[in-house]
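First comes the structure, then the notes that go with it.
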Amino acid sequence: MALISRREALLIAGGLVLVQPSLAVAAEHSVEMLNRHPDDKKKRNVFLPRILTVQPGDTVNFVTVDRGHNSASIDGMLPEGAEEWKGKLSKDTAVTFDKPGYYGYLCTPHYALGMVGLIIVEGDGKLANLEAAKAVKHRGRARAEFEEIWAEAEAGGLLS
Ligand SMILES: [Cu+2]
């Protein structure tokens, strides 16, 4: 490994920022796909965290900690013009979010068991799909889970 001075390192970093300003600020986040919640063993099949706020251009990695899960966008719970995604079972899936708004997603085999989550992308126009996303009807335990998620998001000031 080549040794470089602190000044050289700063010059290199500065150059990267100038060349790729969007890459320099984009962050990576992880959402774990788990068989059990680490703090509540009675809660099975969970995304952790189940609510995540990111900035436009950020990437979320859905990480296969336990096998048998995936991450897939839910019809009607995407901002207009946003791309759907559907990860393969037991495969890590990276999704980059560009459009502000509310993104509901599920695990295909465990949706009706309540394995769902919400990504909130900050920025202008974020609220445009809020009412539509909240109005989506869900099956089985996903219904109660989303009620909790929306209430928690509201309490956290994430719906304004
Ligand atoms: Cu699952």
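For ligands, and for the atoms within them, numbers begin at 1 and follow the listed sequence.
Of all N/O/S atoms in H110, ND1 sits nearest the Cu ion (ligand 1). Closest approach between the Cu ion (ligand 1) and any N/O/S atom of H69 involves ND1.
For the pair R50 and E148, the salt-bridge criterion is met [side-chain N within less than 4.0 Å of a carboxylate O].
A distance of 4.0 Å separates CZ in R44 from CZ in R36, rounded to the nearest 0.5 Å.
Among L78, V95, V54, the single residue meeting the side chain to side chain contact (heavy atoms under 4.5 Å, CB included) criterion with I119 is V54. When each of I120, L130, L118 is paired with L158, the side chain to side chain contact (heavy atoms under 4.5 Å, CB included) condition holds for I120 and for no other.
The nearest N, O or S atom of M115 is closer to the Cu ion (ligand 1) than 2.8 Å.
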